[in-house]
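The analysis underlying the following values was restricted to heavy atoms, covering all of them including side chains, and did not include hydrogens, waters or symmetry mates. In each ligand, atom 1 is the first atom listed, and ligand 1 is the first ligand listed.
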Amino acid sequence: MSSRTLSGKIALVTGSTSGIGLGIAKALAAEGAHIVMNGFGEVEAAQAQVKALGVEVAYHGADMSKAADIEAMMAFAKERFGGVDILVNNAGIQHVAPIEDFPVERWDAILAINLSSAFHTTRLALPDMQAKNWGRIINVASVHGLVASVQKSAYVAAKHGIVGLTKVTALENATRGVTCNAICPGWVLTPLVQKQVDAKAAALGVSNAEATKLLLGEKEPSMQFTTPEELGALAVFFCSEAASNVRGVAWNMDGGWAAQ
Ligand code: NAD
């Protein structure tokens, strides 16, 4: 086990009960990091998948839209493991509507969960990372942190925001062993995107397979989903010593989406 590259490190992954967060948690655990998980839904099943990789797993049910919950989660990680070495800000939600019809409550929730939560976890994780002179902060942004799509005002604003937060965090720590980078996936077939496929199938009266092809065809030249496993491998690279001078990048893994 000691040959694993992240042995003994503590990683906290927000929104790790599903999709990309679970994929990244598993990739970090496969390299030996102990994991603090967070998120809703199938908590037990998700924890079991990470525990099976032979690391310690803790769970905190903080609602990432609430600063007080986030403070409690970071205190829990400190008490349980002595702090966080690797912070992955991944929790996120989506809502699709034109600006004039966008529910104010959904705007507030998306900004809180997809952007402000990362400010809170980062401000609380940094002092320990700075004291140790080692830390990795990985923000799961989106290709929507780089380019826009219609009907996603809150999501695109939050994701552009987190790319900006990534750069500031990287710059403020540039002379330390603490890096911050963003990952910008294109389409990944998780529950968050399955809802958009289902909505397209219903709106157009087409099959799920046809709706999937249309969804990919609109944006993603490779016509392939990026996988949580591929994103997990990129996160492991950002945590490696080889990536110690990779600072403030927004790295898209998007099948060519943003290259168009
Ligand atoms: P998902 O719905 O599968 O997972 C979201 C996770 O966040 C779940 O664990 C959920 O419980 C958690 N979560 C949601 N609201 C929460 C809250 N208030 N407090 C705590 N946890 C909460 O979605 P996903 O596709 O895996 O998305 C993960 C991240 O990746 C998001 O930030 C999303 O914007 C981003 N992303 C997804 C895609 C994609 O195509 N799926 C593309 C680009 C970026």
Q: Output yes when Lys200 and Glu218 qualify as a salt bridge under the 4.0 Å nitrogen-oxygen rule, no when they do not.
A: yes

(Q) So that I can tick it off, tell me whether Asp85 and Arg136 are bridged by a salt bridge, with the cut-off set at under 4.0 angstrom between side-chain N and carboxylate O. (A) no

Q: State plainly whether the residues Lys26 and Glu229 are in salt-bridge range, i.e. N to O under 4.0 Å.
A: no

One pair per line, please: each N/O atom of ligand 1 matched with every protein N/O atom under 3.5 Å away, atom names first, then the distance to 0.1 Å.
unit_1   : atom_1 : unit_2 : atom_2 : d
ligand 1 : 3 (O)  : Ser18  : OG     : 2.6
ligand 1 : 9 (O)  : Gly15  : O      : 3.2
ligand 1 : 9 (O)  : Thr17  : N      : 3.4
ligand 1 : 9 (O)  : Thr17  : OG1    : 2.7
ligand 1 : 11 (O) : Thr17  : OG1    : 3.4
ligand 1 : 11 (O) : Phe40  : N      : 2.8
ligand 1 : 18 (N) : Asp63  : OD1    : 2.9
ligand 1 : 19 (N) : Met64  : N      : 2.8
ligand 1 : 25 (O) : Thr190 : OG1    : 2.4
ligand 1 : 26 (O) : Ile20  : N      : 2.8
ligand 1 : 32 (O) : Asn90  : O      : 2.7
ligand 1 : 32 (O) : Lys159 : NZ     : 2.9
ligand 1 : 34 (O) : Tyr155 : OH     : 2.6
ligand 1 : 34 (O) : Lys159 : NZ     : 3.0
ligand 1 : 36 (N) : Tyr155 : OH     : 3.4
ligand 1 : 40 (O) : Gly186 : O      : 3.3
ligand 1 : 40 (O) : Val188 : N      : 2.7
ligand 1 : 40 (O) : Val188 : O      : 3.3
ligand 1 : 41 (N) : Val188 : O      : 3.1
ligand 1 : 41 (N) : Thr190 : OG1    : 3.1

Q: List the steps, then state whether side-chain hydrogen bond (donor to acceptor under 3.5 Å, both in side chains) holds for Asp198 with Asn208.
A: CA-CA 7 Å; Asp198 294 345; Asn208 212 278; 3.2 Å; yes

Q) With a 4.5 Å heavy-atom cut-off, do Ile93 and Asn114 have their side chains touching? A) yes

Q: Give a yes or no on whether a salt bridge exists between Glu71 and Arg123, defined as a side-chain N under 4.0 angstrom from a carboxylate O.
A: yes

